[in-house]
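Below is one structure, written out as structure tokens; comments come after it.
In this text the structure is predicted, and so the values were computed from the model without any measurement.
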Amino acid sequence: MLRLLENNLENGEKPEELIVYAARGKAARDWDCYHAIVRTLKVLEEDETLVIQSGKPVAVFRTHVDAPMVIMANGNLVGRWATPEKFYDLENKGLTMWGGYTAGDWMYIGSQGIVQGTYETFACAAREEYGETLKGRFVLTGGLGGMGGAQPLAGILNGGVVLGVDVDPDRIKRRIETDYCQVFSTDLNDSLKMCLRAKEREEALSVGLVGNAATVFTEVLKRGIIPDIVTDQTSAHDPLYGYIPEGMTVQEAEVLQKEDPERLIDLARQSMAVQVRAMLGFLDRGSIVFEYGNNIRAQAKLAGVEDAFRIPIFTERFLRPMFCKGIGPFRWISISGEESDIYRIDSTILKEFSDNEIVTNWIKLAKDHVKFQGLPARIGWLSHGERTKLGLIVNNMIRKGEITGPIAFTRDHLDCGGVSQPYRETENMMDGSDAISDWPLLNALLNCAAMADLVAIHAGGGGYAGYYQSAGLIVVADGTTAADRRIERALTADTGLGIVRYADAGYPIAIETVRTKHIKAPMI
Ligand code: NAD
């Protein structure tokens, strides 16, 4: 757990402020809390559980050897109080913290943790309209931060051309240094020329352009250049800390954050409105346009773009059928730092899951193109049952000395069982149950009962306050038979309940999966 916490920060965007990703997603409430967590983890007994409240270690209790080592609740507020204003008021008093999905619960592994999800999303978009790949297709997007930084690489792995616009040159440089983006540019004309030439020649290319997404999107539309795909991953969910208004530098926005936050929020929302209007313009002229889960439609609507929700959400449009089978962003991390462990697991996957095209295709690409960040790790979109199978195989490999171990298994909250977010994962559910947040809470309770090693309940904080409820888990394979038991129970329960959630909402694929995977669900 300690290595995962440290790794979280090592991969973070602003580790000195404990900020991991998504503008304000933090790993611990403050540095005193961080050091107290480290001290406590070092002496935690096997039969004890550490309790974390919004990034602060509040207690240790004797539980039992199979109980979670760490349980957490991060950023949760009672319904009526769950607003950005109340959240920041409480955060400023040092009482709470937003943990994003994977920052507060120590699961973040950098852009490598999101890159397959972005790859699969682009691949789904390509399949829907353009055949098998993005060859000869042009993607325009914004935001090359912690998660958004995966977009250029995901685009070129699909054979396409990506123009990613980010207002902060340092963020683009970081993506270039880590091989997530190829070309750094400060000139729109040059960037467009390069992209359109590569599109015509059907060559894969990624360009990171320094600029404001609102300004650049509007200008590209004005010039009559219609990209094949348009999306965005600026931190638009947070108009105070995450989105820089047009005409302003990052530094100027930081000054206004302190001096006149209300004005900054207003200016940021106005710029988001400009960007979303351009996105609607692209939609009307034939581009595939989708929101990539940063709440930009909701913010733009607050600024008067009444039809912002004509833009669909990526989860409903592309990923939901996968969630109905329990397929989602499963990840594993080598705690010892041994790269060869990950490569051996790659080979095992290619052998043991040879009939799974999604994962074998991905593992082959990842081996060649995705650099490790921090502790060696891999993402693999495995389904219900497959995750348990891999966990048990890996635990056995550790037991037999074939790999070093330990290996931590985890997943994004963006998964079938992990989250209720009515403007994202659960938008337009068949039965209208978008905002029911019982499901991620049940998921966390069940994962505790199923003996996961870390279980966390999160809610949206900052700009996301009031927008979602989610849950995460970590299970560690260390080669013991006790780990076999924990892996088998927790990884099976986790996706199993997720599938039941979609079956309960009436999705035929999920109902079928409940039957074929023999999940006991009395009402389905
Ligand atoms: P981040 O804060 O690390 O990066 C955001 C980037 O946007 C920064 O590089 C910033 O400079 C840039 N930016 C801000 N305003 C801009 C503007 N007006 N024009 C151009 N660039 C601008 O955040 P992140 O971790 O990359 O996440 C981005 C968003 O995506 C968040 O809202 C997050 O919740 C969402 N997200 C989506 C998924 C998904 O699966 N789709 C996953 C994680 C996060």
Answer yes or no: is there a donor N or O on one side and an acceptor on the other, between the side chain of S111 and the main chain of G146, under 3.5 Å? yes
Side chains of T121 and Y292, donor plus acceptor under 3.5 Å: yes
Minimum heavy-atom separation for T410 and L473, please, with both atom names. OG1-O, 2.8 Å
Nearest 0.5 Å, please: how far is CZ in F122 from OG1 in T133? 13.5 Å
Nearest-0.5 Å distance that lies between atom OG in S383 and atom CE in M322: 11.5 Å
Rounded to the nearest 0.5 Å, what's the gap from CD1 on I342 to CD1 on I333? Could you check? 8.5 Å
Y130 and N158: side-chain donor and acceptor closer than 3.5 Å? no
Within 6.0 angstrom of R223 CZ, more than 12 heavy atoms from elsewhere: yes
Not counting sequence neighbours, which residues clear side-chain contact (heavy atoms from CB on, under 4.5 Å) with R24? List them please. E17, I19, Y88, E91, W98, D238, Y241
The reported gap from CD1 in I265 to CD in E85 (rounded to nearest 0.5 angstrom) is 6.5 Å
As an exercise, state the distance from OH of Y119 to CH2 of W381, rounded to the nearest 0.5 Å. 13.0 Å
Just wondering, more than 12 heavy atoms not from E357 lying within 6.0 Å of its CD? no
Pair Y243-Q275, side chain to side chain donor-acceptor pair (under 3.5 Å): steps then yes or no: CA-CA 11 Å; Y243 189 93; Q275 189 179 340; 2.6 Å; yes
Any side-chain donor paired with an acceptor under 3.5 Å for Q116 and R378? no
Would one find more than 12 heavy atoms of other residues, nucleotides or ligands at under 6.0 Å from atom CH2 of W81? no
Within 6.0 angstrom of K199 NZ, more than 12 heavy atoms from elsewhere: yes
Less than 4.0 Å between a side-chain N and a carboxylate O, is that true for R175 and E13? yes
Do we see a donor-acceptor contact under 3.5 Å between the side chains of N74 and D105? no
Taking side-chain contact (heavy atoms from CB on, under 4.5 Å) as the test, write out the residues that go with T218, two or more places apart. V274, A278
How about F323 and Y507: are their ring centres within less than 6.0 Å of each other? no
Return yes when atom CD of E254 has more than 12 non-hydrogen atoms of other residues, nucleotides or ligands closer than 6.0 Å, and no otherwise. yes
Taking atom CZ of R310 as the centre, does the number of heavy atoms from other residues, nucleotides or ligands within less than 6.0 Å exceed 12? yes
Can you list the residues that meet the side-chain contact (heavy atoms from CB on, under 4.5 Å) rule with A444, with sequence neighbours excluded? V455, I457, A471
Please determine whether a side-chain nitrogen of the Lys or Arg among D89 and K93 lies less than 4.0 Å from a carboxylate oxygen of the Asp or Glu. yes
Just by distance, do the side chain of R29 and the backbone of S54 share a donor-acceptor pair under 3.5 Å? yes
Note: R501 and S420 closest approach over all heavy atoms is NH2-OG, 4.5 Å
For A465 and P84, the nearest pair of non-hydrogen atoms, with its separation, is CB-N, 3.6 Å
What are the two closest non-hydrogen atoms of P239 and A268, and how far apart are they? O-CB, 3.4 Å
If the plane angle is over 60° it's perpendicular, under 30° parallel, otherwise tilted; pick one for F330 and F409. parallel
Can you tell me if T315 uses its side chain to pair, donor with acceptor, with the backbone of R424 under 3.5 Å? yes
Return the orientation label for the Y108 and Y21 ring planes: parallel under 30°, perpendicular over 60°, tilted otherwise. parallel
Just how far is it from atom CG of D346 to atom CD1 of I363, taken to the nearest 0.5 Å? 5.0 Å
Assess the pair Y468 and Y423: is the distance between their ring centroids shorter than 6.0 Å? no
Indicate whether any N or O donor in one side chain lies under 3.5 Å from an N or O acceptor in the other, for N443 and D494. yes
